[in-house]
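Throughout, a chain's letter reflects where its sequence line sits, starting with A, and its residues are numbered from 1. Please read all numbers here as calculations on a predicted model, not as lab measurements.
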2 protein chains.
Amino acid sequence: MPGVETMCQGDDPNCAAFAEHRRRFLGDLAPERRAFLKSGFVATGGAAALAAGGLSLVTPALAQTSAARGPRQATHQVLLANADTVHWGYFSKNLKPQVEIASGDFVTIETLTHQASDDAERMIQGDPGAESVYLWTKDKKGVARRGAGPEDAKLGPGGGLGVHICTGPVAIRGAEPGDVLEVRILDVAPRPCANPKFKGLAFGSNAAAWWGYHYKDLITGDRPREVVTIYEVDATGTRDWAKAVYSFRWPGVTDPNGIAHPTIDYPGLLVDHTKTERNFDVLKGIRVPIRPHFGTMGLAPAEADMVNSIPPSYTGGNIDNWRIGKGATMYYPVAVPGALFSVGDPHASQGDSELCGTAIECSLTGTFQFVLHKKQDLPGTALESLDFPMIETRDEWVLSGFSYPNYLKDLGPAAQDAIFQKSSIDLAMRDAFRKMRQFLMHAKGLTEDEAISLMSIAVDFGITQVVDGNWGVHAIVKKAIFAERTA
Amino acid sequence: MPGVETMCQGDDPNCAAFAEHRRRFLGDLAPERRAFLKSGFVATGGAAALAAGGLSLVTPALAQTSAARGPRQATHQVLLANADTVHWGYFSKNLKPQVEIASGDFVTIETLTHQASDDAERMIQGDPGAESVYLWTKDKKGVARRGAGPEDAKLGPGGGLGVHICTGPVAIRGAEPGDVLEVRILDVAPRPCANPKFKGLAFGSNAAAWWGYHYKDLITGDRPREVVTIYEVDATGTRDWAKAVYSFRWPGVTDPNGIAHPTIDYPGLLVDHTKTERNFDVLKGIRVPIRPHFGTMGLAPAEADMVNSIPPSYTGGNIDNWRIGKGATMYYPVAVPGALFSVGDPHASQGDSELCGTAIECSLTGTFQFVLHKKQDLPGTALESLDFPMIETRDEWVLSGFSYPNYLKDLGPAAQDAIFQKSSIDLAMRDAFRKMRQFLMHAKGLTEDEAISLMSIAVDFGITQVVDGNWGVHAIVKKAIFAERTA
């Protein structure tokens with residue numbers, strides 16, 4: 001089974017695994033897209049790639065300092081997703097790194113959706129990585145632990161307390177608590193369906209599940225109910241919208257170990273479609289704009305050994321903001337040695353709120369560059385004392401507020417249970433307000449009065465998600481506002 | 001004093017008042033802008049203008065039916081803002097209409113910001129309309145009542161229970177409860193400063209006030225405090241951003257009747273700048289993108305005689321969504337005979353949340369077309385049973401959720417006090433969810449399961465405002481999503 005042993009140093013055309021990866025993910029793409037990706041790969045060599053382009057939180061001086069700390073030749077590695085390279089449903093500072101890199105290095109990382117078992121024919125079959133992860137017979141389970149719960153949990157090891165298949169972690173050499181890790185998302189591509197029946201397509205699943213915002217507030221039909229809709233995404237990159245294929249009522253699943261799951265209470269339950277009624281007359285004529293992004297992406301927190309992957313927190317994780325896609329850059333406070341970056345929960349599209357509990361959950365492959373900013377280089381820069389995950393897109397800075405900014409600390413020893421009882425949008429708004437004020441005062445040098453006036457007239461607050469335990473509100477400020485500012 | 005008597009029938013070049021208005025508002029504009037406005041005026045004649053262009057909630061059939069009910073020749077009237085044509089701080093079904101029009105007619109309406117007295121030199125002086133409204137001496141008050149409170153309120157007549165200077169109402173002939181009024185915003189232009197010292201400019205005020213979200217959560221300096229920032233807007237239309245001019249701490253104002261106002265507790269208090277310290281070193285180099293729109297715009301509610309203008313509700317009012325600008329169309333349920341449309345609270349720019357309590361409050365003039373859709377024509381259309389204010393922009397439908405969708409009814413006889421104690425973003429989100437579900441099911445013919453899946457992957461929920469008593473969350477869905485849908 002391929003895993004860490006498949007990695008290559010740099011863009012080595014002699015590395016078989018890398019060549020295979022390129023063949024697989026680039027082979028079917030349109031020429032112009034292929035050309036773009038190639039140019040991305042070419043850019044991997046040398047510190048030039050580290051220079052911050054355009055308006056960034058990283059000043060040229062900081063970029064230079066951080067670059068000088070890294071090696072002179074960046075490497076590009078590939079981390080495939082399979083049973084050996086993923087951790088399912090949790091973050092942990094104790095995980096063994098799958099890849100260890102230096103600041104400035106590039107890693108292409110495959111991610112698998114944890115909803116693929118809703119339609120194995122379209123999202124698992126013929127895909128060695130997905131097959132190895134989802135393997136589950138009476139005698140064998142590709143990835144036994146699913147969630148941060150106990151090994152002997154009633155629903156299965158890990159208890160389903162956390163659901164996202166995360167690839168990684170990636171360790172960054174020399175990263176220490178207090179540093180800031182910059183993660184640039186250079187490319188995001190759908191994972192093509194491996195089943196020849198559906199060549200050129202990719203698929204995703206949207207589960208309107210029991211943890212959804214709507215669940216206790218249904219007005220028609222049998223109540224409550226869980227409904228799954230399968231969406232088709234164009235893997236060739238020519239179509240920028242997805243469409244529904246069919247939907248079905250969650251039929252209940254009895255897993256290979258004999259445990260019944262009347263609701264979607266444990267990840268990776270294989271839906272038996274001889275027991276569902278598939279409705280192919282669903283959302284006819286509806287085109288869903290795609291917004292490929294990673295729902296869950298971040299660093300291992302320091303506060304607990306096993307951390308449920310569902311609630312986002314100060315080191316990122318399941319932020320579920322669709323702006324975390326191609327071209328975006330994340331800044332995370334490093335909480336543990338090596339930083340330990342993991343990524344999963346790939347989405348083809350999501351709206352602000354992720355109302356029904358999930359997005360279009362669709363496997364994606366991302367290419368990332370990692371730049372470490374050392375604590376001692378941060379004083380006087382915008383990244384000084386950064387204690388929350390920050391999103392930078394081409395045109396905007398996006399700050400992530402949560403009901404509890406660091407719930408593991410804020411809610412004490414029972415935090416991982418309590419967080420699911422205590423959240424509200426109102427709390428998340430309060431946090432987003434405070435973080436935006438901090439950003440405008442600290443990173444942009446405004447007084448509190450200036451920051452508050454500007455927030456009222458030029459900052460947009462939106463509802464990121466109301467389904468992840470620790471609810472989210474984001475605050476968006478346009479970079480162009482500051483284009484003329486010298487201070 | 002000019003008022004209703006200044007109105008013209010149609011685009012009559014012989015009407016002196018109309019010519020004056022055009023001179024005043026178009027004279028200084030760039031040629032291309034003037035050309036656009038002219039073309040807008042040309043479009044005023046005839047029912048052709050009633051045909052719904054592009055994707056609209058109004059089907060061609062409904063447009064034709066509604067047009068057939070109107071007169072064959074539309075008129076264009078002008079409603080200036082002055083002490084005779086505004087009502088300050090309240091909506092009321094008992095107000096005498098300033099203009100009465102037929103469905104299909106156009107009205108250009110001046111609106112004045114209720115924060116102009118923060119800098120009378122820039123926002124009142126030399127402007128006959130503003131001067132007449134703001135007139136307040138020991139013996140005479142241009143508009144005595146400010147707010148929905150009692151005449152003998154301690155702070156002044158109306159008690160400041162409502163603050164917005166609203167121009168109108170405009171009565172639509174034949175409008176009855178159950179109908180839907182479509183209001184198209186054809187143009188929005190800043191009101192140029194009438195003081196020759198500031199030719200070519202317009203100004204607005206942003207008050208970070210005691211009702212702001214930040215007020216009890218300040219971290220620096222004297223706490224609490226109210227701070228006003230004056231912004232400059234380019235009235236010629238060549239610059240699409242505003243900049244701060246200066247800021248000052250609210251100094252407390254004793255009004256001409258001897259009542260002290262240590263906080264901004266009554267509208268129209270003239271700030272004496274010999275008692276302020278103006279800080280001109282404010283928000284240097286910051287460019288605020290302009291988003292001219294009307295914060296308060298809507299119809300008279302049926303539930304009470306005097307309704308505080310601050311909390312928005314089912315007939316619109318103070319929605320404070322910056323998308324209610326040029327090119328947008330509003331749909332309101334008609335609650336009283338004649339509909340009684342009023343507009344005020346003009347904003348040069350606002351962010352989603354209106355965090356500090358106000359936007360850039362800046363006088364604007366709008367040109368509107370009104371189309372009445374009769375209740376009997378609505379069955380089977382998207383407007384059937386519409387019971388909330390709906391925003392349509394070129395590309396999006398935007399639904400307005402409130403903590404209490406019809407707070408006057410929902411909260412009983414004490415509603416107008418209670419609403420200021422009971423709101424939350426969480427409640428507004430619940431309402432926005434339900435309204436979007438209703439819209440997708442009713443107007444777009446989706447099943448509940450389809451609507452819920454689509455809401456999770458393609459609808460964006462944002463925080464409209466957290467400062468207007470009845471807090472707001474909006475839900476945005478792109479029209480293009482439905483472009484291929486036939487059903």
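In terms of heavy-atom pairs under 4.5 angstrom with chain B, the leader among A:Ile425, A:Asp426, A:Ile286 is A:Asp426. Residue with the most contacts toward chain B among A:Val477, A:Thr464, A:Val227: A:Val227 (heavy-atom pairs, distance under 4.5 Å). Residue with the most contacts toward chain B among A:Ser353, A:Ala244, A:Gly462, A:Ala428: A:Ser353 (heavy-atom pairs, distance under 4.5 Å). Counting heavy-atom pairs under 4.5 Å between each of A:Val459, A:Asp449, A:Asp352 and chain B puts A:Asp352 at the top.
Within the 4.5 angstrom heavy-atom criterion, only backbone atoms of B:Asp281 (N, CA, C, O) approach chain A. Both the backbone and the side chain of B:Val282 have a heavy atom closer than 4.5 Å to some heavy atom of chain A. With a 4.5 Å cut-off on non-hydrogen atoms, A:Thr358 touches chain B through its backbone but not through its side chain. Only the side chain of B:Val473 comes within contact range of chain A, with at least one heavy atom under 4.5 Å from a heavy atom of that chain. With a 4.5 angstrom heavy-atom cutoff, B:Ile476 does not touch chain A via any of its atoms. Contacts of A:Ala208 with chain B are made by side-chain atoms alone, with heavy-atom separations under 4.5 Å and no backbone atom involved.
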**Message:** The test is side chain to side chain contact (heavy atoms under 4.5 Å, CB included); show your working for B:Ile481 and A:Val288 and say whether it passes.
**Reply:** CA-CA 6 Å; B:Ile481 288 173; A:Val288 180; 5.5 Å; no
**Request:** Apply side chain to side chain contact (heavy atoms under 4.5 Å, CB included) to A:Val466 and B:Phe433, showing your working.
**Result:** CA-CA 11 Å; A:Val466 289; B:Phe433 153 61; over 6 Å; no
**Request:** Kindly determine whether B:Arg223 and A:Glu448 satisfy side chain to side chain contact (heavy atoms under 4.5 Å, CB included), including the steps that lead there.
**Result:** CA-CA 12 Å; B:Arg223 284 162 269 177; A:Glu448 185 177 25; 5.8 Å; no
**Message:** Using the rule given for salt bridge (charged side-chain N to carboxylate O under 4.0 Å, His left out), can you reason through B:Arg430 versus A:Asp217, listing the C-alpha separation, both sets of side-chain angles and the distance that settles it, and then say yes or no?
**Reply:** CA-CA 9 Å; B:Arg430 182 62 59 186; A:Asp217 194 0; 3.0 Å; yes
**Message:** Pair A:Ile463, B:Ile463 - check side chain to side chain contact (heavy atoms under 4.5 Å, CB included), show working.
**Reply:** CA-CA 7 Å; A:Ile463 296 170; B:Ile463 296 170; 3.8 Å; yes
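Nearest heavy-atom pair across A:Ser456 and B:Cys356 is OG-N, 3.0 Å.
Rounding to the nearest 0.5 Å places CD1 of B:Ile219 at 4.0 Å from CZ of A:Arg437. Remark: B:His214 NE2 to A:Arg434 CZ distance equals 13.5 Å, nearest 0.5 Å. One finds the CE atom of B:Met429 at 8.0 Å from the CH2 atom of A:Trp471 (value rounded to the nearest 0.5 Å). Taken from OH in B:Tyr213 to CE in A:Met455, the straight-line distance is 11.0 Å, to the nearest 0.5 Å. Distance OG1/A:Thr229 to CD1/B:Ile457: 7.5 Å, rounded to 0.5 Å.
The shortest side-chain heavy-atom distance between A:Leu446 and B:Leu283 falls under the 4.5 Å cut-off. A:Arg287 places none of its side-chain heavy atoms less than 4.5 Å from the side chain of B:Phe482.
Around NZ of A:Lys422, the count of heavy atoms belonging to other residues, nucleotides or ligands within 6.0 Å does not exceed 12.
Side chain of A:Arg485 to backbone of B:Lys284: a donor-acceptor contact under 3.5 angstrom is found.
Taking A:Gln438 as the reference, nothing meets the side chain to side chain donor-acceptor pair (under 3.5 Å) condition, with sequence neighbours excluded. Take A:Phe402 and apply the ring-ring contact (aromatic ring centres under 6.0 Å, His included) test, not counting sequence neighbours, and it matches no residue.
Side-chain atoms of A:Ser453 and B:Tyr231 form a donor-acceptor pair, as typed in the model, at a separation below 3.5 Å.
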